[in-house]
Amino acid sequence: MTTIGSGRRLQATVRDAADALANPTNLVLTYRSPTGTETAVAKAAMTNPSVGVWYYDTPALTEAGTWTARFVSTDPTVTYEFTFDVAPSAVAGAVDRRGPCQPWCSPADLAR
């Protein structure tokens with residue numbers, strides 16, 4: 001599972017109408033955070049290790065929750081969308097945006 005502070009590999013396989021692997025003329029990846037911030041990635045910034053296979057390694061993700069990724073290609077025209085979850089960090093002191101359900105007191109409060 002992906003946690004806050006780590007990146008994620010977003011990958012798509014593009015096939016043409018005959019179901020053969022194909023490199024599209026144009027390809028755009030857009031990924032959206034749980035709060036709605038969208039990031040667009042052009043084909044030139046992606047990695048193409050073999051025909052039809054494309055991926056992008058995101059920088060460190062900063063929000064916990066469900067993210068959405070969408071690859072859109074032309075020639076062939078394909079749209080591939082999926083979601084993935086980012087969990088709060090288990091490391092003490094890390095920014096994890098837990099929201100209103102965070103603990104009422106900290107370990108330091110208990111020690112006092």
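In this text, all values refer to a predicted model and were calculated from it rather than measured experimentally.
A continuous path of ILVMFWY side-chain contacts below 4.5 Å connects Phe82 to Tyr56, so both sit in one hydrophobic cluster. Residues Val72 and Val41 do not share a hydrophobic cluster, defined by chaining ILVMFWY side chains whose heavy atoms lie under 4.5 Å apart. Using a 4.5 Å cut-off between side-chain heavy atoms of Ile, Leu, Val, Met, Phe, Trp and Tyr, with links allowed through other members, Phe71 and Val28 fall into different hydrophobic clusters. Hydrophobic cluster membership differs between Tyr80 and Tyr55, with clusters built from Ile, Leu, Val, Met, Phe, Trp and Tyr side chains linked at under 4.5 angstrom.
The distance from the OG1 atom of Thr58 to the CG atom of Leu10 is 6.0 Å, given to the nearest 0.5 Å. For the atom pair OG1 of Thr37 and OH of Tyr31, the computed distance is 10.5 Å after rounding to the nearest 0.5 Å. In this structure, Thr83 OG1 and Arg32 CZ are separated by 10.5 Å, a value rounded to the nearest 0.5 Å.
Pairing each heavy atom of Ala69 with each of Leu29, the nearest pair is CB-CD1, 4.2 Å. Here the closest non-hydrogen pair linking Gly7 and Thr2 is O-CG2, 3.9 Å. Between Pro34 and Ala64, the shortest heavy-atom contact is CG-O, 3.4 Å. Between Thr3 and Val86, the closest heavy-atom pair is C-CG1, 3.8 Å. The minimum heavy-atom distance linking Pro76 with Ser73 is given by the pair O-OG, 2.8 Å.
Side-chain heavy-atom separations under 4.5 angstrom define the hydrophobic clusters, and the remaining members of the one that includes Leu21 are Val51.
Under the 3.5 Å distance criterion, with hydrogens and angles disregarded, a donor-acceptor pair is assigned to the side chains of Thr35 and Glu63.
With hydrogens and angles disregarded, no donor-acceptor distance shorter than 3.5 Å links the side chain of Lys43 to the backbone of Trp54. Put simply, the side chain of Asp75 never gets that close to the backbone of Pro24: no donor and acceptor are under 3.5 Å apart. Using a distance-only test at 3.5 Å, with no hydrogens or angles considered, no donor-acceptor pair links the side chain of Asn48 to the main chain of Asn23. With hydrogens and angles ignored, the 3.5 Å screen pairs no side-chain donor or acceptor of Thr77 with any backbone N or O of Thr74.
Between Trp67 and Phe84, the angle of the ring planes stays under 30°, which puts this pair in the parallel group of the 30/60° scheme.
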Would you please test Thr79 and Arg70 for side-chain contact (heavy atoms from CB on, under 4.5 Å) and show each step?
CA-CA 7 Å; Thr79 299; Arg70 172 184 263 188; 3.7 Å; yes
Could you walk me through whether Val53 and Gln11 pass side-chain contact (heavy atoms from CB on, under 4.5 Å), step by step?
CA-CA 7 Å; Val53 177; Gln11 183 170 320; 3.7 Å; yes
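For the pair Leu27/Met46, a side-chain contact is recorded, criterion being any heavy-atom separation below 4.5 Å from C-beta on.
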